[in-house]
Amino acid sequence: MAAIPFARAPVNFETAAPYLKEALDNGWLTTGPLTERFTAALSDYLATPNLVALSSCTAALQIALAAASLPAGSEVIVPANTFIATFETVELAGLKPVLADIDRDTWNISLESITSRISENTSAVIAVPFAGNPINMDELQALCRRHKLTLILDCAHALETRYRGQPLHHYADYSCYSFYATKNLTTAEGGALICPAEKLELVRALSLHGMSRAAWKRYAGGPWRYDIIATGYKANLTDIHAAIGLAQLGSLTTNHARRLELVERYRQQLGGLPVRMQHMPANTSVADHAHHLFCISLSANAKRTRDDLMNALAAKQIGFSVHFIPIYEFTHTREEYDFPQANFPHTAEYFAGALSLPLYPTLTNAQQDEVIATLLRAFADT
Ligand SMILES: Cc1ncc(COP(=O)(O)O)c(C=O)c1O
């Protein structure tokens with residue numbers, strides 16, 4: 001493991017132990033009372049009664065696409081700069097993914113690019129607030145409404161993101177959250193889906209084989225009989241995972257504040273380097289960003305390559321990553337689709353220099369100083 005890892009979950013045994021003890025000692029382990037409490041707390045935090053806790057964001061995307069009843073084979077527009085889950089879930093749903101470019105400055109899906117990709121077969125857009133950066137939700141929502149498109153948000157990075165004071169799901173039909181190990185709030189593996197009120201029962205059922213009544217409710221004294229109301233998934237969150245999440249809910253606000261502090265230090269101290277940093281859209285403030293990732297993109301005319309920077313970080317055992325390898329770069333997408341790189345100039349430019357640096361609440365100033373000094377030295381060395 002790197003001396004300064006790229007990511008570190010904001011939870012430890014001491015804080016999680018009381019919740020885990022409860023989850024283990026009640027003898028149930030899977031979806032039950034702790035998942036119910038985690039769901040209630042998240043619903044509170046995100047100000048919605050229409051949230052279902054799930055086993056992953058990938059599952060949330062699958063269930064959103066199923067619940068939305070999009071016409072078979074219709075087109076769903078997704079950004080080229082995202083994790084493969086955003087794309088593959090469209091394929092798995094029997095729909096056709098269409099890739100859009102990102103905005104050169106915000107690194108979020110470009111509204112102009114979406115507009116250029118809309119056809120008479122388009123049924124939905126999946127937008128990703130990249131790194132936690134708010135999208136201009138007024139414009140995105142208006143665009144989707146104008147073209148009668150279902151708007152799904154892949155909020156894997158965007159738990160704390162706000163737009164005009166509201167969590168982003170406020171502006172979308174379906175919003176999918178991730179509690180994967182590296183996320184701002186983690187359950188090791190986990191996720192959540194926020195859906196329209198009238199779809200809540202369907203989404204609950206889809207998360208568990210299409211069952212009308214979850215097992216816990218039946219074993220907890222309800223009637224034994226259940227019905228199957230749709231072809232479902234096995235995507236329920238377990239109480240063991242919920243326990244890990246419950247242990248972090250009290251620190252969400254302070255953890256977010258610490259992320260913001262670290263981002264401001266990175267921005268100030270790396271500001272003189274030939275790198276581009278993410279812009280926020282108009283109508284938003286730096287606190288509206290979830291600061292899930294801190295990504296830079298090395299300028300094409302820099303005297304160092306990205307490999308130089310990666311080698312310098314690796315020599316100091318400092319973890320780093322790249323978000324993301326564009327969807328059009330993979331063997332699968334090259335073989336199965338026609339996505340010429342020329343159609344994604346901003347994604348290609350960003351990716352050519354993309355580098356994500358360590359960012360998590362327990363990263364100390366001294367550790368961050370070492371990351372910064374390593375990068376500054378890499379540029380200073382001849
Ligand atoms: C943008 C994005 N979407 C979806 C996912 C998938 O999340 P999960 O691992 O919870 O399925 C990730 C995971 O890293 C992601 O970054």
Side-chain angles (χ1 to χ4, degrees), residues 6-11 35 38 42 51-66 76-93 97 99-100 102-103 106-109 124-135 151-161 168-169 172 174-194 206-207 233-238 241-242 244-245 248 278 289-295 319-330 333 347 350-351 354 356 359-360:
F6 170 67
R8 203 184 149 79
V11 64
T35 307
F38 182 65
L42 268 178
L51 181 148
V52 179
L54 296 168
S55 55
S56 68
C57 181
T58 306
L61 287 161
Q62 285 186 286
I63 293 174
L65 288 162
V76 179
I77 298 175
V78 305
N81 182 39
T82 187
F83 184 59
I84 192 65
T86 324
F87 183 91
E88 79 192 343
T89 47
V90 175
E91 298 180 288
L92 288 168
L99 284 188
I102 56 170
D103 177 84
T106 66
W107 303 341
N108 280 329
I109 193 165
V125 172
I126 307 182
V128 182
F130 175 68
N133 198 15
I135 299 173
L151 175 54
I152 300 173
L153 291 181
D154 176 341
C155 283
H157 304 174
L159 180 62
E160 302 94 332
T161 304
L168 299 195
H169 70 80
Y174 296 86
S175 300
C176 308
Y177 293 82
S178 175
F179 307 123
Y180 177 67
T182 58
K183 298 298 189 270
N184 290 15
L185 171 72
T186 181
T187 57
E189 298 284 355
L193 174 57
I194 296 175
L206 288 174
S207 75
Y233 299 80
K234 183 67 167 70
N236 51 308
L237 188 75
T238 77
H241 293 91
I244 297 169
Q248 293 154 63
Q278 191 175 31
H289 195 302
H291 301 298
H292 170 54
L293 298 170
F294 184 76
C295 310
F320 58 83
S321 190
V322 171
H323 296 88
F324 287 98
I325 300 170
I327 299 293
Y328 56 76
E329 288 259 335
F330 297 119
T333 41
T347 303
Y350 163 75
F351 172 62
S356 306
L359 178 66
Y360 38 94

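Order of listing sets the numbers, starting from 1, for every ligand and every atom in it.
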For Ile109 and Ala127, work out which heavy atoms get closest and say how close. CG2-CB, 3.9 Å
Using heavy atoms and a cut-off under 4.0 Å, could you grab the residues that are in contact with ligand 1, chain by chain, numbers ascending? Ser56, Cys57, Thr58, Thr82, Phe83, Ala85, Thr86, Val128, Asp154, Ala156, His157, Ser178, Tyr180, Lys183, Gly190, Phe324
Please indicate whether Leu92 has more than 12 foreign heavy atoms, meaning atoms of other residues, nucleotides or ligands, lying under 6.0 Å from its CG. yes
With sequence neighbours excluded, residues passing side chain to side chain donor-acceptor pair (under 3.5 Å) with Ser356: His323
Heavy atoms only: give me the nearest Gly132-Thr161 pair and the separation to one decimal. O-OG1, 2.7 Å
More than 12 heavy atoms of other residues, nucleotides or ligands under 6.0 Å from OH of Tyr180: is that the case? no
Measure from the ring center of Phe179 to the ring center of Phe38 and say whether it is less than 6.0 Å. yes
